[in-house]
Novice: 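The structure's right below; bear with me while I get my questions together.
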Amino acid sequence: MTPEVLAALEAAKSAKRPVALLTRLSDGAQHLWPDAELAPPLAEAAARALAEDAAANLTLDGEAWFIHPHNPALRLIVVGAVHIAQALVPMAQAAGYAVTVVDPRRAWATAERFPGITLIHEWTDDAVAALAPDARSAVVTLTHDPKLDDPALDAALKSDCFYIGALGSRRTHAKRVARLTEMGHTPEAIARIHAPVGLNIEAVTAPEIALSILAEVVATRRGAALAQRPALAA
Amino acid sequence: MSDSEDVLATAAAWRAAGEPVAIATVVETWGSSPRPAGSRLAVSASGRLAGSVSGGCIEGAVADAAKQTMTTGTPQLLDFGISDERAWEVGLACGGKLKVFVEKLS
(Lines give C-alpha, C1' and ligand atoms only; values in the text may rest on other atoms or scores of the structure.)
Protein backbone atom coordinates (compact mmCIF):
# COMPACT_ATOMS: atom_id res chain seq x y z
CA MET A 1 0.00 0.00 0.00
CA THR A 2 1.42 3.34 -1.01
CA PRO A 3 1.34 6.43 1.22
CA GLU A 4 -0.95 8.03 -1.39
CA VAL A 5 -3.54 5.24 -1.13
CA LEU A 6 -3.35 5.29 2.67
CA ALA A 7 -3.80 9.08 2.73
CA ALA A 8 -6.74 8.87 0.33
CA LEU A 9 -8.40 6.22 2.53
CA GLU A 10 -7.91 8.38 5.63
CA ALA A 11 -9.24 11.46 3.81
CA ALA A 12 -12.36 9.56 2.71
CA LYS A 13 -12.84 8.39 6.28
CA SER A 14 -12.67 11.91 7.75
CA ALA A 15 -14.99 13.22 5.01
CA LYS A 16 -17.39 10.31 5.81
CA ARG A 17 -17.26 9.40 2.12
CA PRO A 18 -17.76 5.74 1.08
CA VAL A 19 -14.87 4.36 -1.00
CA ALA A 20 -13.88 0.88 -2.13
CA LEU A 21 -10.25 -0.26 -2.18
CA LEU A 22 -9.49 -2.63 -5.07
CA THR A 23 -6.32 -4.72 -4.84
CA ARG A 24 -4.87 -6.85 -7.64
CA LEU A 25 -3.62 -9.90 -5.75
CA SER A 26 -0.87 -10.82 -8.22
CA ASP A 27 1.18 -7.68 -7.57
CA GLY A 28 -0.64 -5.55 -4.99
CA ALA A 29 -1.62 -2.76 -7.40
CA GLN A 30 -4.43 -0.71 -5.83
CA HIS A 31 -7.17 1.67 -6.88
CA LEU A 32 -9.86 3.58 -5.00
CA TRP A 33 -13.37 3.75 -6.39
CA PRO A 34 -15.11 6.04 -7.28
CA ASP A 35 -11.93 8.21 -7.27
CA ALA A 36 -10.32 6.22 -10.09
CA GLU A 37 -11.96 5.32 -13.37
CA LEU A 38 -12.08 1.53 -13.61
CA ALA A 39 -13.16 -1.15 -16.05
CA PRO A 40 -16.97 -1.46 -15.77
CA PRO A 41 -16.94 -4.93 -14.10
CA LEU A 42 -14.60 -3.62 -11.37
CA ALA A 43 -16.61 -0.43 -10.87
CA GLU A 44 -19.85 -2.42 -10.64
CA ALA A 45 -18.34 -4.83 -8.11
CA ALA A 46 -17.04 -1.86 -6.08
CA ALA A 47 -20.47 -0.20 -6.05
CA ARG A 48 -22.10 -3.49 -4.98
CA ALA A 49 -19.54 -4.10 -2.22
CA LEU A 50 -20.26 -0.63 -0.79
CA ALA A 51 -24.04 -1.09 -1.04
CA GLU A 52 -23.88 -4.50 0.66
CA ASP A 53 -21.08 -3.45 3.01
CA ALA A 54 -19.36 -6.76 2.23
CA ALA A 55 -15.96 -7.50 0.72
CA ALA A 56 -15.90 -9.37 -2.60
CA ASN A 57 -13.60 -11.18 -5.01
CA LEU A 58 -13.58 -10.79 -8.76
CA THR A 59 -11.50 -12.36 -11.50
CA LEU A 60 -11.12 -10.14 -14.55
CA ASP A 61 -8.96 -11.09 -17.56
CA GLY A 62 -7.30 -13.81 -15.51
CA GLU A 63 -6.40 -11.42 -12.66
CA ALA A 64 -7.82 -11.90 -9.16
CA TRP A 65 -9.02 -8.70 -7.44
CA PHE A 66 -10.04 -8.13 -3.83
CA ILE A 67 -12.74 -5.49 -3.38
CA HIS A 68 -12.80 -3.98 0.10
CA PRO A 69 -15.59 -1.52 0.96
CA HIS A 70 -14.82 1.32 3.39
CA ASN A 71 -18.15 2.81 4.41
CA PRO A 72 -18.45 5.64 6.94
CA ALA A 73 -18.94 4.44 10.51
CA LEU A 74 -22.43 3.36 11.57
CA ARG A 75 -24.06 6.06 13.69
CA LEU A 76 -25.83 5.91 17.02
CA ILE A 77 -27.94 8.87 18.10
CA VAL A 78 -28.66 8.76 21.84
CA VAL A 79 -31.48 11.02 23.04
CA GLY A 80 -31.12 11.64 26.78
CA ALA A 81 -27.77 12.30 28.43
CA VAL A 82 -28.74 10.01 31.31
CA HIS A 83 -26.82 7.43 33.35
CA ILE A 84 -27.59 4.61 30.88
CA ALA A 85 -26.27 6.82 28.08
CA GLN A 86 -22.98 7.24 29.94
CA ALA A 87 -22.59 3.45 29.88
CA LEU A 88 -23.92 3.01 26.33
CA VAL A 89 -21.72 5.61 24.63
CA PRO A 90 -18.29 3.98 25.22
CA MET A 91 -19.67 0.50 24.46
CA ALA A 92 -21.11 1.69 21.16
CA GLN A 93 -17.84 3.42 20.29
CA ALA A 94 -15.95 0.18 20.94
CA ALA A 95 -18.36 -1.55 18.55
CA GLY A 96 -17.43 0.99 15.87
CA TYR A 97 -20.36 3.40 16.09
CA ALA A 98 -19.98 7.16 15.74
CA VAL A 99 -22.05 8.43 18.67
CA THR A 100 -23.96 11.69 19.14
CA VAL A 101 -25.81 12.57 22.34
CA VAL A 102 -28.87 14.82 22.19
CA ASP A 103 -30.32 16.48 25.29
CA PRO A 104 -31.56 20.06 25.63
CA ARG A 105 -31.03 19.84 29.38
CA ARG A 106 -27.57 21.33 29.66
CA ALA A 107 -27.09 20.05 33.20
CA TRP A 108 -27.17 16.48 31.82
CA ALA A 109 -25.40 16.82 28.50
CA THR A 110 -22.04 18.07 29.77
CA ALA A 111 -18.55 17.41 28.48
CA GLU A 112 -17.66 16.18 31.97
CA ARG A 113 -20.27 13.41 31.77
CA PHE A 114 -19.53 12.64 28.08
CA PRO A 115 -15.86 13.45 27.45
CA GLY A 116 -15.00 13.85 23.77
CA ILE A 117 -18.55 13.14 22.57
CA THR A 118 -20.55 15.36 20.21
CA LEU A 119 -23.34 16.87 22.36
CA ILE A 120 -26.37 18.60 20.86
CA HIS A 121 -28.53 20.84 23.04
CA GLU A 122 -31.27 21.60 20.49
CA TRP A 123 -34.83 20.42 21.04
CA THR A 124 -34.91 16.73 20.27
CA ASP A 125 -37.04 16.75 17.07
CA ASP A 126 -34.91 19.48 15.49
CA ALA A 127 -31.72 17.76 16.62
CA VAL A 128 -32.66 14.33 15.28
CA ALA A 129 -34.00 15.79 12.01
CA ALA A 130 -30.79 17.81 11.56
CA LEU A 131 -28.68 14.69 12.10
CA ALA A 132 -30.64 13.12 9.20
CA PRO A 133 -30.52 9.47 10.33
CA ASP A 134 -29.96 7.17 7.33
CA ALA A 135 -30.00 3.40 6.79
CA ARG A 136 -26.68 3.17 8.68
CA SER A 137 -28.04 4.99 11.76
CA ALA A 138 -29.71 3.87 14.99
CA VAL A 139 -31.74 6.13 17.30
CA VAL A 140 -32.30 5.35 20.98
CA THR A 141 -34.43 7.50 23.31
CA LEU A 142 -33.57 7.28 26.99
CA THR A 143 -34.98 10.42 28.66
CA HIS A 144 -38.12 8.64 29.91
CA ASP A 145 -39.84 12.01 29.45
CA PRO A 146 -42.49 12.16 26.69
CA LYS A 147 -41.75 15.86 26.12
CA LEU A 148 -38.24 14.91 25.02
CA ASP A 149 -38.64 11.34 23.74
CA ASP A 150 -41.79 11.77 21.62
CA PRO A 151 -40.46 14.51 19.31
CA ALA A 152 -37.25 12.51 18.80
CA LEU A 153 -39.24 9.36 17.97
CA ASP A 154 -41.44 11.39 15.62
CA ALA A 155 -38.31 12.55 13.75
CA ALA A 156 -36.76 9.06 13.81
CA LEU A 157 -39.93 7.48 12.38
CA LYS A 158 -39.74 9.95 9.48
CA SER A 159 -36.23 8.71 8.67
CA ASP A 160 -35.05 5.36 7.29
CA CYS A 161 -32.76 4.58 10.23
CA PHE A 162 -32.31 0.84 10.74
CA TYR A 163 -33.10 0.81 14.45
CA ILE A 164 -35.32 2.80 16.82
CA GLY A 165 -35.42 1.93 20.50
CA ALA A 166 -37.28 3.63 23.35
CA LEU A 167 -36.70 3.18 27.07
CA GLY A 168 -39.83 2.57 29.14
CA SER A 169 -42.04 -0.20 30.45
CA ARG A 170 -44.79 -1.89 28.43
CA ARG A 171 -47.34 0.43 30.08
CA THR A 172 -45.27 3.50 29.28
CA HIS A 173 -44.95 2.29 25.72
CA ALA A 174 -48.69 1.66 25.33
CA LYS A 175 -49.31 5.32 26.23
CA ARG A 176 -46.52 6.36 23.87
CA VAL A 177 -48.09 4.35 21.04
CA ALA A 178 -51.36 6.23 21.61
CA ARG A 179 -49.57 9.60 21.45
CA LEU A 180 -47.58 8.68 18.32
CA THR A 181 -50.81 7.47 16.69
CA GLU A 182 -52.36 10.86 17.44
CA MET A 183 -49.35 12.46 15.76
CA GLY A 184 -50.32 10.55 12.61
CA HIS A 185 -48.00 7.54 12.68
CA THR A 186 -49.43 4.22 11.45
CA PRO A 187 -49.27 1.00 13.51
CA GLU A 188 -46.74 -0.39 10.99
CA ALA A 189 -44.48 2.62 11.46
CA ILE A 190 -44.81 2.53 15.25
CA ALA A 191 -43.94 -1.19 15.20
CA ARG A 192 -40.43 -0.13 14.11
CA ILE A 193 -39.82 1.02 17.68
CA HIS A 194 -38.14 -1.54 19.91
CA ALA A 195 -39.79 -1.09 23.29
CA PRO A 196 -39.08 -1.87 26.01
CA VAL A 197 -35.63 -1.17 24.56
CA GLY A 198 -32.93 -3.86 24.47
CA LEU A 199 -32.72 -7.63 24.38
CA ASN A 200 -34.27 -9.29 27.39
CA ILE A 201 -31.23 -10.33 29.41
CA GLU A 202 -32.86 -9.33 32.72
CA ALA A 203 -30.56 -6.31 32.84
CA VAL A 204 -30.66 -4.34 36.10
CA THR A 205 -27.75 -1.89 36.27
CA ALA A 206 -27.10 0.96 33.83
CA PRO A 207 -24.20 -0.85 32.11
CA GLU A 208 -26.28 -4.03 31.83
CA ILE A 209 -29.14 -2.10 30.22
CA ALA A 210 -26.64 -0.42 27.89
CA LEU A 211 -25.31 -3.87 26.93
CA SER A 212 -28.83 -5.15 26.17
CA ILE A 213 -29.51 -2.06 24.00
CA LEU A 214 -26.25 -2.37 22.05
CA ALA A 215 -26.84 -6.12 21.60
CA GLU A 216 -30.26 -5.37 20.13
CA VAL A 217 -28.85 -2.71 17.79
CA VAL A 218 -26.23 -5.19 16.54
CA ALA A 219 -28.79 -8.02 16.25
CA THR A 220 -31.02 -5.74 14.15
CA ARG A 221 -28.14 -4.60 11.98
CA ARG A 222 -27.03 -8.20 11.36
CA GLY A 223 -30.54 -9.53 10.81
CA ALA A 224 -30.49 -11.88 13.81
CA ALA A 225 -33.77 -13.64 14.60
CA LEU A 226 -33.28 -12.49 18.20
CA ALA A 227 -34.10 -8.93 17.16
CA GLN A 228 -37.52 -9.83 15.71
CA ARG A 229 -40.46 -8.93 17.90
CA PRO A 230 -44.15 -9.46 17.48
CA ALA A 231 -45.80 -6.19 16.46
CA LEU A 232 -47.32 -4.38 19.40
CA ALA A 233 -50.97 -3.56 19.27
CA ALA A 234 -51.63 0.12 18.75
CA MET B 1 -15.96 -1.89 9.09
CA SER B 2 -14.55 0.71 11.39
CA ASP B 3 -12.25 -1.68 13.25
CA SER B 4 -10.30 -2.40 10.06
CA GLU B 5 -9.80 1.32 9.52
CA ASP B 6 -8.45 1.77 13.04
CA VAL B 7 -5.83 -0.86 12.21
CA LEU B 8 -4.76 1.25 9.21
CA ALA B 9 -4.51 4.35 11.42
CA THR B 10 -2.31 2.42 13.85
CA ALA B 11 -0.17 1.12 10.98
CA ALA B 12 0.18 4.65 9.61
CA ALA B 13 1.30 5.93 13.02
CA TRP B 14 3.97 3.22 13.32
CA ARG B 15 5.18 3.96 9.80
CA ALA B 16 5.27 7.69 10.50
CA ALA B 17 7.44 6.95 13.56
CA GLY B 18 9.95 5.31 11.21
CA GLU B 19 9.17 1.60 11.65
CA PRO B 20 8.72 -0.71 8.66
CA VAL B 21 5.14 -2.00 8.62
CA ALA B 22 3.22 -4.66 6.67
CA ILE B 23 -0.54 -5.10 6.48
CA ALA B 24 -2.29 -8.47 6.21
CA THR B 25 -5.89 -8.60 4.98
CA VAL B 26 -8.28 -11.56 4.91
CA VAL B 27 -9.38 -11.68 1.25
CA GLU B 28 -11.44 -14.88 1.15
CA THR B 29 -12.91 -17.32 3.65
CA TRP B 30 -14.63 -20.71 3.45
CA GLY B 31 -16.45 -22.49 6.24
CA SER B 32 -16.19 -21.28 9.81
CA SER B 33 -13.57 -18.56 9.84
CA PRO B 34 -13.65 -16.32 12.87
CA ARG B 35 -12.89 -13.07 11.00
CA PRO B 36 -14.63 -11.99 7.78
CA ALA B 37 -12.98 -10.89 4.53
CA GLY B 38 -11.60 -7.38 4.97
CA SER B 39 -10.26 -8.01 8.50
CA ARG B 40 -6.78 -6.58 8.91
CA LEU B 41 -3.67 -7.25 10.95
CA ALA B 42 -0.84 -4.71 10.98
CA VAL B 43 2.65 -5.93 11.89
CA SER B 44 5.66 -3.75 12.64
CA ALA B 45 9.32 -4.69 12.25
CA SER B 46 9.73 -4.71 16.03
CA GLY B 47 6.88 -7.22 16.30
CA ARG B 48 3.97 -5.02 17.31
CA LEU B 49 0.55 -6.32 16.23
CA ALA B 50 -2.76 -4.48 15.73
CA GLY B 51 -6.05 -6.04 14.63
CA SER B 52 -6.53 -9.68 13.64
CA VAL B 53 -7.02 -12.04 10.72
CA SER B 54 -8.22 -15.04 12.77
CA GLY B 55 -9.04 -15.89 16.33
CA GLY B 56 -5.32 -15.92 17.02
CA CYS B 57 -4.57 -19.26 15.30
CA ILE B 58 -2.57 -17.99 12.33
CA GLU B 59 -1.37 -14.57 13.47
CA GLY B 60 2.11 -15.94 14.22
CA ALA B 61 2.56 -17.39 10.73
CA VAL B 62 1.13 -14.24 9.14
CA ALA B 63 3.52 -12.07 11.17
CA ASP B 64 6.48 -14.14 9.89
CA ALA B 65 5.33 -13.64 6.29
CA ALA B 66 4.76 -9.94 7.02
CA LYS B 67 8.37 -9.54 8.14
CA GLN B 68 9.54 -11.12 4.87
CA THR B 69 7.35 -8.74 2.87
CA MET B 70 8.69 -5.76 4.85
CA THR B 71 12.21 -6.72 3.71
CA THR B 72 11.52 -7.71 0.10
CA GLY B 73 8.63 -5.33 -0.63
CA THR B 74 6.93 -8.19 -2.51
CA PRO B 75 3.32 -8.89 -1.57
CA GLN B 76 2.26 -12.46 -0.70
CA LEU B 77 -1.00 -14.37 -0.90
CA LEU B 78 -1.12 -16.90 1.95
CA ASP B 79 -3.44 -19.92 1.97
CA PHE B 80 -4.58 -21.48 5.23
CA GLY B 81 -6.91 -24.45 5.30
CA ILE B 82 -7.62 -27.83 6.77
CA SER B 83 -6.05 -29.52 3.75
CA ASP B 84 -2.92 -27.47 4.29
CA GLU B 85 -0.39 -29.05 6.64
CA ARG B 86 0.97 -25.66 7.50
CA ALA B 87 -2.42 -24.62 8.81
CA TRP B 88 -2.40 -27.61 11.16
CA GLU B 89 1.07 -26.64 12.26
CA VAL B 90 0.01 -23.13 13.10
CA GLY B 91 -3.22 -24.36 14.63
CA LEU B 92 -6.18 -23.35 12.47
CA ALA B 93 -8.24 -25.94 14.31
CA CYS B 94 -11.59 -24.31 13.61
CA GLY B 95 -11.97 -26.18 10.32
CA GLY B 96 -12.15 -23.00 8.27
CA LYS B 97 -10.09 -22.00 5.25
CA LEU B 98 -8.89 -18.56 4.39
CA LYS B 99 -6.62 -16.54 2.13
CA VAL B 100 -4.60 -13.65 3.51
CA PHE B 101 -2.95 -10.96 1.39
CA VAL B 102 0.20 -9.45 2.87
CA GLU B 103 1.57 -6.13 1.62
CA LYS B 104 4.19 -3.65 2.72
CA LEU B 105 3.09 -0.20 3.80
CA SER B 106 5.62 1.77 1.75
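Residue numbering restarts at 1 for every chain, and letters A, B, ... go by the order of the sequence lines.
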Novice: Where does A:Leu21 contact chain B at under 4.5 Å (heavy atoms): side chain, backbone, both or neither?
Specialist: side chain
Novice: Let me confirm one number: the CG-CD distance from A:Leu25 to B:Glu28, rounded to the nearest 0.5 Å.
Specialist: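 Going from CG on A:Leu25 over to CD on B:Glu28, the span is 8.5 Å.
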Novice: Contact part of A:Leu6 toward chain B, heavy-atom cut-off under 4.5 Å: side chain, backbone, both or neither?
Specialist: side chain
Novice: Heavy-atom pairs under 4.5 Å with chain B - which of A:Ala54, A:Ala98, A:Pro3, A:Ala94 has more of them than the others?
Specialist: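 Answer, by heavy-atom pair count under 4.5 Å with chain B: A:Pro3.
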Novice: Under a 4.5 Å cut-off applied to non-hydrogen side-chain atoms, are A:Met1 and B:Arg15 in contact?
Specialist: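 Not in contact.
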Novice: Contact part of B:Val21 toward chain A, heavy-atom cut-off under 4.5 Å: side chain, backbone, both or neither?
Specialist: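 Contact with chain A is absent: no heavy atom of B:Val21 under 4.5 Å.
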Novice: To the nearest 0.5 Å, what is the distance between CZ (A:Arg24) and CZ (B:Phe101)?
Specialist: 10.5 Å
Novice: Testing the basics here: between A:Phe66 and B:Gly38, what is the closest heavy-atom pair and its distance to 0.1 Å?
Specialist: CZ-N, 3.7 Å
Novice: Can you confirm whether more than 12 heavy atoms, excluding those of A:Glu63, are under 6.0 Å from its CD atom?
Specialist: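 Count over threshold, so yes.
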Novice: Among the options B:Gln76, B:Lys99, B:Lys104, pick out the one with the most heavy-atom pairs lying under 4.5 Å from chain A.
Specialist: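 Sorted descending by pairs with chain A, the first entry is B:Lys104.
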Novice: Does B:Val27 offer a backbone N or O that forms a donor-acceptor pair with the side chain of A:Asn57 under 3.5 Å?
Specialist: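 Confirmed, A:Asn57 side chain pairs with B:Val27 backbone.
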Novice: Identify which part of B:Thr74 has an atom lying under 4.5 Å from any heavy atom of chain A, answering side chain, backbone, both or neither.
Specialist: neither
Novice: Please flag which part of A:Gln30 lies under 4.5 Å from any non-hydrogen atom of chain B: side chain, backbone, both or neither.
Specialist: side chain
Novice: At a 4.5 Å cut-off on heavy atoms, which part of B:Leu105 comes close to chain A: side chain, backbone, both, or neither?
Specialist: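 It is both, since atoms from each part get that close.
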Novice: So do the side chains of A:Thr2 and B:Glu103 get within less than 4.5 Å of each other, counting heavy atoms only?
Specialist: no
